[in-house]
Number of protein chains: 2
Amino acid sequence: MQIGEISKKTGLSISTLRYYDKHGLLQNINRSNGGIRKFDDKDLEALRIIICLKTSGMKISEIKQFMDWCSKGDTTIDKRLNMFYQQEKNINEQIDILNKSLKLIKFKQWYYEAAKRDGTEKNVKDMNLDDYPDDIRKLYEEAHIIW
Amino acid sequence: MQIGEISKKTGLSISTLRYYDKHGLLQNINRSNGGIRKFDDKDLEALRIIICLKTSGMKISEIKQFMDWCSKGDTTIDKRLNMFYQQEKNINEQIDILNKSLKLIKFKQWYYEAAKRDGTEKNVKDMNLDDYPDDIRKLYEEAHIIW
DNA sequence: ATACAATCTAAACTTTGGTTTAGGTCAAGT
DNA sequence: ACTTGACCTAAACCAAAGTTTAGATTGTAT
């Protein structure tokens, strides 16, 4: 497979694939005699994990670190395992943050639905916390815990 | 409250707060005669939603759009409501992606735990899909659905 | 042999979201 | 009045993650 096909398959642009290669994320990709990249299944598998780490917030330089460890062999197994433990933590933190955001978002939906019904924001803006429906008050309070 | 106190409260740096102000995210902040920003509770509330939108992936320019709508009054209620519907979708998509990533991460944890036990990656690398434990094979397959 | 699409590199450019710097002002306490 | 810490602006700077450009090469099909 050449770079165009890989681009279509993965959804990464051709220039991004070359950028990743240049920055050491795609290690030992084969080349034709003429210098054209020839991707195989192992490269696709590497891309799968690159995309996974990338979309879960890891930086290019950290992914490169992982790929370097992979190339270095069995002495780095522990580092790689720990990286995956750490990344699980990172992802769970991100999900928590998103779920917290969701609460404020849903509160605001309720708020603007009320404003829409009234044709004006005025009433709902002046409303007292006690007058919110219970579930909405709960959302509001959970979204305002921190400060 | 002045900018230093707000910075401590929100966790945003002073320069970030000034940057947000400059880019129209903090609308009509009061100033002392000398030109010093004086924040009140409504500004804190605005910051809460700014931080919520920001951490859930919205761009500064989009948040500014929302703030402009807020300033424009009741004619923009519908736009604001729709923005919150859209942002809910965005967040749910992000959570889905993170959960998908988690599957590959957990598969890799299993993989490297096996490698660690063996002292080498070799055995687990050569292992057949059928030899994976059922739950692990499931993780693997779910992480490889797309391509 | 020629045309043509696909590929290659290096280097410049772009965007986003800030941070840093330089050179001032403000305002509270002494 | 004077010091001092907190604040101000404008402008330059920065890093990350690509994208674009320009000019050259590859390799397949006619």
Side-chain angles (χ1 to χ4, degrees), chain A residues 1-40 43-44 46-68 87 90 94 97 101, chain B residues 1-40 43-44 46-68 87 90 94 97 101:
Chain A
M1 294 169 282
Q2 295 189 175
I3 201 165
E5 193 180 345
I6 298 292
S7 169
K8 268 169 207 152
K9 207 168 281 208
T10 61
L12 299 174
S13 75
I14 290 177
S15 63
T16 296
L17 286 166
R18 292 206 269 245
Y19 174 86
Y20 285 177
D21 188 12
K22 193 177 183 180
H23 286 76
L25 271 52
L26 304 172
Q27 300 196 161
N28 48 46
I29 297 281
N30 290 322
R31 302 266 190 152
S32 72
N33 286 343
I36 287 176
R37 290 175 186 82
K38 298 294 181 181
F39 293 79
D40 59 25
D43 302 321
L44 267 183
L47 276 166
R48 231 182 294 265
I49 187 71
I50 288 167
I51 290 169
C52 165
L53 295 174
K54 190 82 240 313
T55 62
S56 60
M58 195 175 276
K59 279 188 288 180
I60 299 294
S61 58
E62 296 171 313
I63 300 174
K64 175 176 171 15
Q65 169 72 282
F66 170 68
M67 290 303 170
D68 288 347
Q87 191 62 6
N90 294 155
Q94 289 181 64
I97 288 173
S101 292
Chain B
M1 293 171 282
Q2 296 189 174
I3 203 165
E5 193 180 346
I6 298 293
S7 169
K8 269 169 205 152
K9 207 167 281 209
T10 60
L12 299 174
S13 75
I14 290 178
S15 63
T16 298
L17 285 165
R18 293 207 267 246
Y19 175 86
Y20 285 177
D21 188 13
K22 192 176 183 179
H23 287 75
L25 271 52
L26 304 171
Q27 301 198 158
N28 48 48
I29 297 283
N30 290 323
R31 300 268 189 151
S32 73
N33 286 343
I36 287 176
R37 290 176 187 82
K38 298 294 181 179
F39 294 79
D40 59 25
D43 301 322
L44 268 184
L47 276 166
R48 231 182 293 265
I49 186 72
I50 288 167
I51 290 170
C52 165
L53 294 174
K54 189 84 240 311
T55 63
S56 60
M58 196 176 275
K59 280 189 287 181
I60 299 294
S61 58
E62 295 172 313
I63 300 175
K64 175 178 173 12
Q65 169 73 283
F66 170 68
M67 291 302 171
D68 288 346
Q87 191 61 7
N90 293 155
Q94 289 181 63
I97 288 174
S101 291

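By convention in this document, chain letters (A, B, ...) are assigned in the order of the sequence lines, proteins followed by strands, and residues within each chain are numbered from 1. All values below were derived from every heavy atom in this structure, side-chain atoms included, with hydrogens, water molecules and symmetry-related copies excluded.
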Within the side chain of [X], is there an N or O that forms a donor-acceptor pair under 3.5 Å with the backbone of [Y]?
{"X": "Ser101(B)", "Y": "Ile97(B)", "result": "yes"}
{"X": "Asp43(B)", "Y": "Ala46(B)", "result": "no"}
{"X": "Gln2(B)", "Y": "Ile36(B)", "result": "no"}

From [atom1] ([X]) to [atom2] ([Y]), nearest 0.5 Å:
{"X": "Ile50(B)", "Y": "Leu25(B)", "atom1": "CD1", "atom2": "CG", "value": "4.5 Å"}
{"X": "Glu62(A)", "Y": "Lys54(A)", "atom1": "CD", "atom2": "NZ", "value": "10.5 Å"}
{"X": "Ile3(A)", "Y": "Glu5(A)", "atom1": "CD1", "atom2": "CD", "value": "12.0 Å"}

**Message:** Output one letter per nucleotide in nucleotides 8-20 of chain C: B when a protein non-hydrogen atom lies under 4.0 Å from the base, S when only the sugar-phosphate is that close, - when neither is.
**Reply:** BB-------BBSB

**Start and end of chain A contact along DNA chain D [non-hydrogen atoms, under 4.0 Å]** = dA17(D) to dG27(D)

**pair Gln94(B)-Gln94(A): side-chain heavy atoms closer than 4.5 Å** =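 In short, these two side chains do not touch, never coming nearer than 4.5 Å.
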
